Chemist: 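Below you will find the structure I want to go over with you.
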Amino acid sequence: MGVRQPRAHWFLLLLGLVMLLGLLTLNGYANGVLGGSGRDRHLAQVGQGPLIRTDGPTPQTRSLPDKTIALTFDDGPDPQWTPQVLDMLARHQVKATFFVIGARVNEHPELVRQAIAEGHEIGAHTFTHAELAATPGWRRGLEMALTANAIAGATGYHTTLFRPPFSSLPSVLTAADYEAMRGYIGVLSDLDTRDWERPGVPRIVKAATPEGNRGAIVLMHDGGGDRSQTLAALDQLIPALKAHGYTFGTVTEAAGIGPAHVPAPMDVQLRGDALRWAQTLAAVATSAVAWLLALALVLAVLRLVVQLIAVRAHVRTMRRRWSSGREILEPVSVIVPAYNESANIAATVRSLVASDYPWVEVIVVDDGSTDGTADIVHRLGLPNVRVIRQPNSGKPGALNTGIRVARAPIVVLVDGDTVFQEDTVYNLVQAFADRRVGAVAGNTKVANRKGLLGRWQHLEYVIGFNLDRRFFDMARCMPTIPGAVGAFRAEVLHQVRGVPGDTLAEDTDLTMAVLRAGWHVVYEEHAIAWTEAPSTLKSLWQQRYRWCYGTMQAMWKHRRAMFERRHRLRRGLLYLWIFQVALPIAAPAVDVFALYGLVFLPWYQMAAAWVGLLALQAFTAAVALRLDRESLRPLWTIPFQQVVYRQLMYLVVVQSFVTALIGNRLRWHRQTRTGSAAALVEGVPHGS
């Protein structure tokens, strides 16, 4: 491409996407999306007591003394309910044990610290409330390690207590639960209030009241849902049991065993802090990408609505233009800049000479070709065709040479790989009946539509280019007249000092200059030109890279138009910034979110989103194809467009943006021609 292009950003982009996927994965995991749901029926035979020691060859169980109650709360900390439970316990001067979920500890470490500061104790309850009996061994180990790190990072302590989720009583403890307890004191329960079912305050109080004088570990919840009934039940239960001579304490106090909290090593605390910050960042990243996806969908729908409104208005406007009664038959000079265009130049020139317009001169500017392009045109011996040879100076230089020698008041600019229909020139210039119109954009169509790549580009031209141009016409903010087919008043070209050569998108740069000079730029859908699109992914990349980078150059060059109220170009610039720069740059993150969704979100949500997106794209494409009187057959390629073509297009934007940021400049890169446009001389295709 003439200069060394940046490469390090691809590594940084890949690294960033991997990190984003890792953060999304952590967020999905921390929210328990992968929690098990099936029960392993291999039960552990551990006896009847709710306290289980696992530090010996066989499990040892024990129960609490009579008239002793240990209140325990699972599934916290919860920012709404845990503080209220702590307040209730403080009011009744009762200490309790909280079995916390590691992921929730990372979200609300201050609540865990508050519980310890008020004399309560903390036990582990896994990291995501995973059902250990339904998870593989590697995950059980991960759940325990992450929970220990989370507690250590929040409090500076290890806990010796553990309660497995979904195993409230010794009789339902599974072998997997027991294996996870090793190294901990397992704490089950004597009385499970099932308060999570919200059965009513009387039933919760009854379920938490021991029979006779027996002591009990009572299972309640301070997280996982509405705990208002739990609070009301505590307010009745504690005074009632105290009145019957019961004492309350933490599990270790009530059982008379060693303390639950052991100081954690500094490295474990640091790992816990790192885990907490990573989980916080993961939540922020997930929320940001979700909002980004929602914004992209809203903008896509809004864009479609605006386009449909603009299409209806454009149809009415076109009818008025063609029914005005004034016919333009002024002489036209057609300028064809050509550099090594031997594959298509003969077909291009023949199609221009065959125009049914009464006065057309064709000026072919050979810009230092080495393949005999000029000789081919000479040998054609066609009337009103001139060939000008010059040393290679680039496309803008070739166009300006042609503009200087053109004799007609209307100048049409045509690429050397483009074939006109007989009525293209006539249709293109009729808009000049309005003296406010300084330039006209034609309708470019892809000639080589065979294969997926050709069909994808065909759809892109019809949707992304021509449908947008109808909107730009109505909004009076047309940012680009395609190099393949565009017409200008000669006086306008001289007013803006010809085709600029300081950007690679000279067509966009020129169009923006015409708008800023105060002229209208319109779109003529009937002025059809057939062009040869890239036939390989490599050549497509090179073409779009140049287009995108050049467009960014032009947008930056004309950035002051954003603040010029007298010109409507600012609308076009805003549109380009949103839909051709910002959203494509954000697209890799959206694709990563889609990978995240395949694993962590319900399949029907992903399927609905995917089908909805395809339906929106298919509807847009169908509207655009019908407007251009094209066949709907290429619509079947849209689903496949999402897995190769879309990624290529947004990576082009990323590459162009990075190139612009670091200040590199690209040189002109000419596409290798295959002669596909030349085949149109014998017959113009309709549809695909």
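Because the structure is a prediction, the values reported are computed rather than measured.
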Chemist: Would you say R570 has more than 12 foreign heavy atoms packed within less than 6.0 Å of its CZ?
Modeler: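 Yes, because the 6.0 Å sphere around CZ of R570 holds more than 12 heavy atoms from other groups.
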
Chemist: Given side chains that start at C-beta, do those of F593 and T286 come closer than 4.5 Å, heavy atoms only?
Modeler: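 They are in contact (side-chain heavy atoms under 4.5 Å apart), so the answer is yes.
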
Chemist: Of all the heavy-atom pairs spanning L231 and M88, show the shortest one and how long it is.
Modeler: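 In this case the closest contact between L231 and M88 is O-CE, 3.6 Å.
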
Chemist: Just by modelled atom types, is the A283 backbone N or O under 3.5 Å from a matching donor or acceptor in the S287 side chain?
Modeler: no

Chemist: What's the separation between atom CH2 in W610 and atom CG in L598, rounded to the nearest 0.5 Å?
Modeler: 9.5 Å

Chemist: Less than 4.5 Å apart, any side-chain heavy atom of L64 and any of L51?
Modeler: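 Yes; the side chains approach each other to less than 4.5 Å.
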
Chemist: Are the side chains of V85 and R227 in contact, using a 4.5 Å heavy-atom criterion?
Modeler: no

Chemist: Between F98 and F73, what is the ring plane arrangement, given parallel below 30°, perpendicular above 60°, and tilted in between?
Modeler: parallel

Chemist: Give a yes or no answer on whether the side chain of W81 reaches the backbone of G225 with a donor-acceptor pair at less than 3.5 Å.
Modeler: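 Checked: pair present.
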
Chemist: Quick one: closest heavy-atom pair of L191 and T209, and the distance?
Modeler: CD1-C, 3.9 Å

Chemist: Just how far is it from atom CD1 of I217 to atom CG of D192, taken to the nearest 0.5 Å?
Modeler: 12.5 Å

Chemist: Between R104 and E107, is there a side-chain N and carboxylate O pair less than 4.0 Å apart?
Modeler: yes

Chemist: Compare all side-chain heavy atoms of M649 with those of Q647 and state whether any distance is below 4.5 angstrom.
Modeler: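 No, too far: nothing below the 4.5 Å cut-off.
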
Chemist: Once you measure the plane-to-plane angle for F579 and Y575, does it fall in the parallel (<30°), tilted (30-60°) or perpendicular (>60°) bin?
Modeler: tilted

Chemist: Under 4.5 Å between any side-chain heavy atoms of F619 and L304, yes or no?
Modeler: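 Answer yes - side chains close enough.
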
Chemist: Within this structure, what is the CG-CG distance for the pair L146 and L142, rounded to the nearest 0.5 Å?
Modeler: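 Between atom CG of L146 and atom CG of L142 there are 4.0 Å.
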
Chemist: Is a side-chain donor or acceptor of D222 paired with a backbone partner of G76 at a separation under 3.5 angstrom?
Modeler: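 At least one qualifying donor-acceptor pair exists.
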
Chemist: Take D267 and R271, measure what salt bridge (Lys or Arg N to Asp or Glu O under 4.0 Å) needs, and give me the verdict at the end.
Modeler: CA-CA 6 Å; D267 62 324; R271 286 200 299 269; 3.4 Å; yes

Chemist: For H244, does its backbone N or O pair with a side-chain atom of K67 as donor and acceptor, under 3.5 Å?
Modeler: yes

Chemist: Check the side chains of Q617 and Q641 for a donor-acceptor pair under 3.5 angstrom, ignoring hydrogens and angles.
Modeler: no

Chemist: Would you say the side-chain atoms of D74 pair up with the backbone N or O of P165, donor to acceptor, closer than 3.5 Å?
Modeler: no

Chemist: Are Q84 and Q80 close enough, and set up right, to give a side chain to side chain donor-acceptor pair (under 3.5 Å), and what steps lead you there?
Modeler: CA-CA 7 Å; Q84 296 184 58; Q80 178 179 1; 6.0 Å; no

Chemist: Has T68 got a side-chain atom pairing as donor or acceptor with D66's backbone, closer than 3.5 angstrom?
Modeler: yes

Chemist: If only atom types and distance count, is the side chain of N27 paired as donor or acceptor with the main-chain N or O of L23 below 3.5 Å?
Modeler: no

Chemist: So do the side chains of L234 and L71 get within less than 4.5 Å of each other, counting heavy atoms only?
Modeler: yes

Chemist: Taking C-beta and beyond as the side chain, do T620 and R303 meet within less than 4.5 Å on heavy atoms?
Modeler: no

Chemist: I need the minimum non-hydrogen distance between P210 and Y246, along with the two atoms involved.
Modeler: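 Minimum heavy-atom separation between P210 and Y246: CB-OH, 3.8 Å.
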
Chemist: Please lay out, stage by stage, how R646 and Y650 fare under the test side-chain contact (heavy atoms from CB on, under 4.5 Å).
Modeler: CA-CA 6 Å; R646 177 176 168 274; Y650 71 56; 3.8 Å; yes

Chemist: Under the side chain to side chain donor-acceptor pair (under 3.5 Å) rule, what do D235 and H92 come out as? Steps first, then yes or no, please.
Modeler: CA-CA 8 Å; D235 206 22; H92 292 287; 2.8 Å; yes

Chemist: Going by the angle between their ring planes, with limits at 30° and 60°, are F166 and H129 parallel, tilted or perpendicular?
Modeler: perpendicular

Chemist: Under the salt bridge (Lys or Arg N to Asp or Glu O under 4.0 Å) test, which residues partner R214, sequence neighbours left out?
Modeler: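 In terms of salt bridge (Lys or Arg N to Asp or Glu O under 4.0 Å), with neighbours along the sequence ignored, R214 is linked to no residue.
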
Chemist: I'd like to check the side chain to side chain contact (heavy atoms under 4.5 Å, CB included) partners of I257; sequence neighbours left out, ordered by chain and number.
Modeler: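 Residues passing side chain to side chain contact (heavy atoms under 4.5 Å, CB included) with I257: R62, I185, T252, A255.
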
Chemist: Rounded to the nearest 0.5 Å, how far does CG of L275 lie from OG1 of T280?
Modeler: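 Spacing of OG1 (T280) from CG (L275) equals 9.0 Å.
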
Chemist: Q269 side chain to A264 main-chain N or O, any donor-acceptor pair under 3.5 Å?
Modeler: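 Yes; judged by distance alone, with no hydrogens or angles, the pair exists.
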
Chemist: Just by distance, do the side chain of T135 and the backbone of L132 share a donor-acceptor pair under 3.5 Å?
Modeler: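 Side chain of T135 to backbone of L132: a pair is present.
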
Chemist: With rounding to the nearest 0.5 angstrom, report the CE to CG distance, M220 to D75.
Modeler: 13.0 Å

Chemist: Might you work through the side-chain contact (heavy atoms from CB on, under 4.5 Å) test for E121 and L161, ending with a clear yes or no?
Modeler: CA-CA 9 Å; E121 64 186 8; L161 307 180; 3.5 Å; yes

Chemist: Check whether any side-chain heavy atom of P164 lies under 4.5 Å from a side-chain heavy atom of L188, and answer yes or no.
Modeler: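 Touching, per the 4.5 Å side-chain cut-off.
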
Chemist: Could you tell me whether the side chain of Q93 and the main chain of A90 form a donor-acceptor pair under 3.5 Å?
Modeler: no

Chemist: Report the C-alpha distance between Y29 and E143 in whole Å, list the side-chain angles of each, state the deciding distance to 0.1 Å, and finish with yes or no for side chain to side chain donor-acceptor pair (under 3.5 Å).
Modeler: CA-CA 10 Å; Y29 187 87; E143 288 279 330; 2.6 Å; yes

Chemist: Please give me the minimum heavy-atom distance between L648 and W541, naming the atom from each residue.
Modeler: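 Minimum heavy-atom contact is CD1-CE3, 3.3 Å.
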
Chemist: Among T72, T126, T97, find the one that has a side chain to side chain donor-acceptor pair (under 3.5 Å) with R163.
Modeler: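 The option that passes is T72.
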
Chemist: Taking atom CG of L574 and atom CE of M555, what is their separation to the nearest 0.5 Å?
Modeler: 9.0 Å

Chemist: Over all heavy atoms of both residues, which pair between L86 and L111 is shortest? Give the atoms and the distance, please.
Modeler: CD1-O, 4.4 Å

Chemist: Provide the closest heavy-atom pair for G123 versus I151 in the form atom of the first, atom of the second, distance.
Modeler: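 Between these two residues, the closest heavy atoms are O-CD1, 4.4 Å.
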
